[in-house]
Amino acid sequence: MKIYFRCCEKQETVSGVNRWEEIPKWKTVRKCWKSIYEGIDESDEVFILHDEVTQETLDFIEEHSYENTTFLEIPKHHIQDRLHTFKMLEFLKTQLDTSNPEEVHYIVEDDYLHTPDAISAMKLIFTKWNNFVTTYDYPDRYTMDKTPCFLMVDTDRHWRTNPSGTYTFAAKTKTWLECWDIINNTAPHNPTKEMFQTHPCISPVPGCSSHLTPHHLSPVVDWDALWNNININAS
């Protein structure tokens, strides 16, 4: 698997939504990264696409990384310019053009907290599924009265379809390339609503990750406990 971790320590968000419990962004970046790191192994290739991240946080990420990790700095820019998304897509395309068609590429934003089994669950489902996958169980899906879904039973959990998502999801090389025109034509904005119509996206029930924003935590999982159990040795 190739993992593209997009991180920035700006407290401001592109959407204008407040940070979860007003926690400083540097702490969110470090804890979310460590939650991902706990699930990967030496066979995974990782790219850290960082934008205005302190050297202390970069050192922390490097300390909790395998050798197969590359750091790529995004030039300083105003958050609403979304240069970070343009540069991420530009780099992703270079990887897609040289990757095995079955290689899984996971783009993940820096405010997604992952369970210890999130990465392994994703790897397992990709042995049976050829479209998009996200580890986030969107809570609003349970209040959207007119949005039906399909439910799949796997060996260790259920998976449900989603009509759209955030910019944190994974797919095999061949799927990314089949959808590249949609991605390119909607950049830097979210392409999922159109993409998932032809290439469905599934997420686990309960979720293996959660977006750390107020009122948007994945249901059922005790995210506070998971957060508190992640030691980043920083004050």
Side-chain angles (χ1 to χ4, degrees), residues 1-10 13-14 25 28-53 57-58 60-62 64-75 77 79 82-114 118-123 125-126 131-136 165-180 182-184 186-192 195 199 201 203 208-212:
M1 178 182 285
K2 293 189 177 185
I3 299 170
Y4 307 78
F5 183 67
R6 306 172 61 194
C7 55
C8 173
E9 288 188 334
K10 296 186 179 89
T13 64
V14 173
K25 187 62 187 301
T28 298
V29 171
R30 296 184 199 186
K31 287 213 175 194
C32 288
W33 167 248
K34 196 170 182 187
S35 74
I36 296 171
Y37 169 70
E38 297 296 338
I40 65 176
D41 57 45
E42 294 180 356
S43 67
D44 297 311
E45 189 170 2
V46 176
F47 303 98
I48 309 296
L49 292 89
H50 56 97
D51 163 23
E52 294 190 51
V53 174
T57 294
L58 294 176
F60 175 86
I61 293 174
E62 185 171 17
H64 298 90
S65 294
Y66 293 103
E67 290 186 3
N68 205 11
T69 301
T70 302
F71 288 79
L72 300 163
E73 184 174 10
I74 306 299
H77 62 282
I79 192 169
R82 300 175 187 259
L83 180 65
H84 52 289
T85 299
F86 283 117
K87 289 296 184 181
M88 179 272 294
L89 292 174
E90 180 181 295
F91 179 72
L92 173 62
K93 187 59 164 60
T94 67
Q95 294 298 308
L96 295 173
D97 287 341
T98 57
S99 292
N100 183 296
E102 297 295 315
E103 180 81 69
V104 175
H105 303 258
Y106 181 33
I107 289 177
V108 55
E109 295 161 302
D110 61 12
D111 56 352
Y112 278 77
L113 192 66
H114 289 61
I119 301 299
S120 60
M122 189 184 303
K123 290 178 178 178
I125 198 63
F126 271 118
N131 292 293
F132 288 99
V133 172
T134 180
T135 52
Y136 179 35
T166 62
Y167 227 127
T168 289
F169 48 79
K172 295 178 180 180
T173 303
K174 58 186 180 183
T175 305
W176 279 106
L177 291 175
E178 287 170 3
C179 294
W180 196 255
I182 296 173
I183 295 169
N184 196 46
T186 54
H189 302 290
N190 190 316
T192 60
M195 282 196 319
H199 294 75
C201 179
S203 60
C208 294
S209 75
S210 183
H211 198 182
L212 296 184

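Computed from a prediction, not measured in an experiment: that's the story for all the values here. As a basis for the values below, the full set of heavy atoms in this structure was taken, side chains included, without hydrogen atoms, waters or symmetry mates.
Using a 4.5 Å heavy-atom threshold, the side chains of Met195 and Ile183 count as touching. The shortest side-chain heavy-atom distance between Trp176 and Ser99 does not fall under the 4.5 Å cut-off. Contact of the Leu177 side chain with the Lys93 side chain is registered, since non-hydrogen atoms from C-beta on lie closer than 4.5 Å. Counting only heavy atoms from C-beta outward, the side chains of Lys172 and Glu103 never approach each other to under 4.5 Å. Considering only heavy atoms from C-beta on, Asp51 stays 4.5 Å or farther from Glu73 through its side chain. The closest side-chain heavy-atom distance from Val108 to Ile3 is below 4.5 Å. By the 4.5 Å heavy-atom criterion applied to side chains, Arg30 and Thr57 are counted as neighbours. Between His211 and Asp111 the shortest side-chain heavy-atom distance falls below 4.5 Å.
Here the side chain of Lys25 pairs a donor or acceptor atom with the backbone of Cys8 at under 3.5 angstrom. Counting only distance, with no hydrogens or angles, the side chain of Thr175 and the backbone of Ala171 share no donor-acceptor pair below 3.5 Å. Using a distance-only test at 3.5 Å, with no hydrogens or angles considered, no donor-acceptor pair links the side chain of Asp97 to the main chain of Thr94.
Taking every heavy atom of both residues into account, Val133 and Met122 meet most closely at CG1-CG, 4.0 Å. Of all heavy-atom pairs between His114 and Ser35, the closest is N-OG, 3.0 Å. Taking every heavy atom of both residues into account, Cys7 and Asp110 meet most closely at CA-OD2, 3.2 Å. Here the closest heavy-atom approach between residue His50 and residue Val53 is recorded as CB-CG2, 3.8 Å. Residues Cys179 and Phe132 approach most closely at SG-CE1, 3.8 Å, considering heavy atoms. Here the shortest heavy-atom pairing between Thr168 and Tyr112 reads OG1-CE1, 3.4 Å.
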### Verdict with reasoning, Leu89 to Asn184, per side-chain contact (heavy atoms from CB on, under 4.5 Å)
CA-CA 8 Å; Leu89 292 174; Asn184 196 46; over 6 Å; no

### Task
Decide yes or no on side-chain contact (heavy atoms from CB on, under 4.5 Å) for Glu62 and Thr69, but give the supporting numbers first.
CA-CA 8 Å; Glu62 185 171 17; Thr69 301; over 6 Å; no

### Task
Verify side-chain contact (heavy atoms from CB on, under 4.5 Å) between Leu212 and Cys32, making sure each step is shown before the conclusion.
CA-CA 9 Å; Leu212 296 184; Cys32 288; 3.7 Å; yes

### Derivation and outcome, side-chain contact (heavy atoms from CB on, under 4.5 Å), residues Glu67 and Glu42
CA-CA 7 Å; Glu67 290 186 3; Glu42 294 180 356; over 6 Å; no

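Taken to the nearest 0.5 Å, the CD atom of Glu178 stands 11.0 Å off from the OG1 atom of Thr173. Atom CD1 of residue Ile125 and atom CG of residue Asn131 lie 11.5 Å apart, to the nearest 0.5 angstrom. Residue Ile48 holds its CD1 atom at 9.0 Å from CG of Leu58, rounded to the nearest 0.5 Å. Atoms CG and NZ, from Leu113 and Lys34 in turn, are 12.5 Å apart once rounded to the nearest 0.5 Å. Distance check, rounded to the nearest 0.5 Å: OG1 of Thr85 to NE2 of His189 gives 9.0 Å. Of the inter-residue distances, the one linking Tyr66 atom OH with Ser43 atom OG reads 9.0 Å to the nearest 0.5 angstrom.
When each of Tyr106, Phe71, Phe5, Phe91 is paired with Phe47, the ring-ring contact (aromatic ring centres under 6.0 Å, His included) condition holds for Phe91 and for no other.
Judged by the 6.0 Å and 45° rule, Arg6 forms a cation-pi pair with Tyr167.
The side-chain hydrogen bond (donor to acceptor under 3.5 Å, both in side chains) test applied to Tyr4 returns His105, not counting sequence neighbours.
Between Tyr136 and Phe169, a ring centre-to-centre spacing not shorter than 6.0 Å is recorded.
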